[in-house]
Amino acid sequence: MHITDHTATELAEKIKLGEIGVTEAVKASLERIGASERAVGAFLTVEPEKALERAREVEDGIRSGRYAGPLAGVPVAVKDNICTNGTRTTCASRILENFVPFYDATAVKLLEDAGMVILGKTNMDEFAMGSTTETSAFAVTKNPWNTGHVPGGSSGGSCAAVAAGECFAALGSDTGGSIRQPSSYCGVAGIKPTYGTVSRYGLIAYASSLDQIGPIGRSVSDCAALLSVIAAHDEKDSTSVKRGDTDFMSALGDSPRGLRIGIPNEYLSDGLDPDVRDAVGRAAEWLKDAGATVDCFDLGLMEYTIPTYYVIASAEASSNLERFDGVKYGYRAAEYEGLHDMYKRSRSEGFGEEVKRRIMLGSFVLSSGYYDAYYLKALRVKALIKRAFDDAFSRFDIILGPAAPTAAPKLGTSLSDPMKMYLSDIYTVAVNLAGLPGLSVPCTVNGLGLPVGVQLIGDCFAEKKLFTAGAAIEAARAADGETRFTRPVSVCGGAEEAAHTGKECAR
Ligand code: GLN
């Protein structure tokens with residue numbers, strides 16, 4: 001077994017036992033990055049020297065007992081909208097192309113405190129606006145399972161890096177599905193935690209009332225372990241929550257017996273790809289076999305979630321992105337006449353098309369005369385959506401459904417029709433509007449050899465139930481012989497053939 005085939009928690013265990021060295025693990029990741037980056041393109045920045053130096057430091061720290069946690073020594077990647085002290089943080093935007101933060105995001109600091117080794121920064125949709133990672137100003141990331149397809153977005157770089165074995169885990173951010181949807185497309189596990197669980201300090205804001213940082217891993221237990229590391233109250237984020245139940249690994253061994261699972265009828269309506277429908281059905285059967293009850297119910301308000309999300313997210317984005325004016329930091333146009341022209345040109349040249357579209361939409365819904373009709377109304381509908389979930393969680397422990405309506409689309413087919421792209425967020429955005437946790441778990445591989453995940457949604461602060469059910473799905477999948485989730489095609493060759501036959505290729 002190659003080092004990079006281990007999950008993060010397995011690797012940490014072996015490091016603790018002295019069977020694998022931290023430097024050895026970092027070298028293995030860097031080699032894998034060297035071998036597959038040309039095909040996958042998950043990273044915007046890789047810092048080999050820094051990582052190797054840090055590996056030696058962590059090795060000493062483990063020996064001295066300073067780093068004793070369950071992920072000490074594990075190489076990890078960080079989405080490029082999360083600030084890293086001394087390392088370029090671009091948000092995949094020209095406007096921040098040369099931005100080097102002088103402080104760490106709290107989540108990054110917590111990774112370091114846990115003895116993890118940061119390898120680099122991953123590609124994403126510009127300012128996390130998009131669903132394919134194709135709105136990045138710098139690079140196109142490919143799906144490691146079939147490099148003709150997108151990895152999803154906006155945390156596509158993080159998910160592709162984990163799927164390709166280039167790192168053992170990664171941080172992503174989720175405003176309307178950006179962890180859960182690319183996790184489903186890339187065959188990895190990813191969780192958007194309850195709002196307030198992970199500090200947003202140092203996360204470059206898209207829509208502050210919806211943004212959450214979360215972990216992405218090759219297994220549900222890796223996600224649980226990484227969430228335990230980054231979930232902490234932080235005075236630097238006024239929306240950070242004090243919660244005492246952050247030992248998420250403790251839920252992994254619990255039995256799903258008695259868990260009440262609900263599937264919204266609306267989630268299975270027309271337009272859902274048959275492969276995704278099958279995946280949800282399969283997950284439901286697995287959970288039933290493990291002792292859970294599964295029932296369908298009407299959640300309601302589904303048709304309002306996309307418009308509500310795009311009004312609120314764009315409104316907040318237009319306000320948050322006002323700070324990029326070419327004055328304090330970031331890109332400034334080379335030529336301009338006067339202050340206003342400088343603002344105009346810097347922003348016109350610095351932002352990409354999708355970001356500009358959101359700024360215009362957001363400015364419109366916040367403008368006087370339209371504020372009540374759009375923004376205020378959206379806030380009211382948001383409250384109703386939360387109530388619909390409250391009602392559902394009075395009857396169910398977990399809501400089961402798709403993470404996305406299809407498997408990963410082909411590269412180059414999404415950006416020409418933004419409305420269609422927005423509509424593909426149908427299963428994820430409501431979770432952010434209601435502040436709930438949502439876990440994406442790999443479930444099956446379709447006929448094209450592309451992974452399909454399912455989503456488990458919980459009530460606020462009920463992540464543990466999600467991990468229990470997610471681990472049960474994972475165990476049932478393994479028992480069914482579905483072991484392909486650690487073997488995406490692009491990193492073991494034969495992408496073409498595997499894409500046609502959907503068959504696993506030998507490494
Ligand atoms: N696709 C959604 C959007 O573009 C969600 C993005 C995200 O979660 N960051 O807004």
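Both ligands and their constituent atoms are indexed starting at 1 by order of listing. Numbers here simply count residues along the sequence, with the first being 1.
Inter-residue side-chain proximity for Lys192 and Pro437 is flagged as unmet; no heavy-atom pair is nearer than 4.5 Å.
Per-residue contacts place Asp425 under 4.0 angstrom from the following atoms of ligand 1 (heavy atoms of the residue considered): 1 (N), 2 (C). Counting atoms of ligand 1 from 1 in the listed order, those under 4.0 Å from a heavy atom of Tyr309 are 2 (C), 3 (C), 5 (C), 6 (C), 10 (O). Using a 4.0 Å cut-off to heavy atoms of Ala128, the atoms of ligand 1 that qualify are 6 (C), 7 (C), 9 (N). Taking every non-hydrogen atom of Tyr310 and a distance limit under 4.0 Å, the qualifying atoms of ligand 1 come out as 1 (N), 2 (C), 3 (C), 4 (O), 10 (O). Those atoms of ligand 1 with a heavy atom of Ser131 less than 4.0 angstrom away are 1 (N). Atoms of ligand 1 lying under 4.0 Å from at least one heavy atom of Met129, given by number and element, are 4 (O).
Of the candidates Thr89, Thr87, Thr45, Lys121 forms a side chain to side chain donor-acceptor pair (under 3.5 Å) with just one, namely Thr89.
Nearest approach of Pro193 to Gly214, heavy atoms of both residues: CD-CA, 4.0 Å.
Between the side chains of Asn123 and Thr133, no donor-acceptor pair is found at a separation under 3.5 Å. A donor-acceptor contact closer than 3.5 angstrom is absent between the side chains of Arg282 and Thr444. No hydrogens or angles considered: a donor-acceptor pair under 3.5 Å links the side chains of Ser154 and Ser178.
Using a cut-off of 4.0 Å between Lys/Arg side-chain N and Asp/Glu carboxylate O, Glu112 and Lys109 are scored as not salt-bridged. The pair Arg243-Glu463 counts as a salt bridge, with a side-chain nitrogen and a carboxylate oxygen less than 4.0 angstrom apart.
In this structure, Gly130 has a heavy atom closer than 4.0 Å to ligand 1. Within the structure, ligand 1 lacks Met421 among the residues with a heavy atom less than 4.0 angstrom away. Not a single heavy atom of Tyr422 sits closer than 4.0 Å to an atom of ligand 1.
For atom 6 (C) of ligand 1, the closest heavy atom belonging to the protein is Ser178 OG, 2.9 Å.
At a 4.0 Å heavy-atom cut-off, ligand 1 touches Ser154 through the side chain alone. Using a 4.0 Å cut-off between heavy atoms, Arg358 contacts ligand 1 through its side chain alone, with no backbone atom that close.
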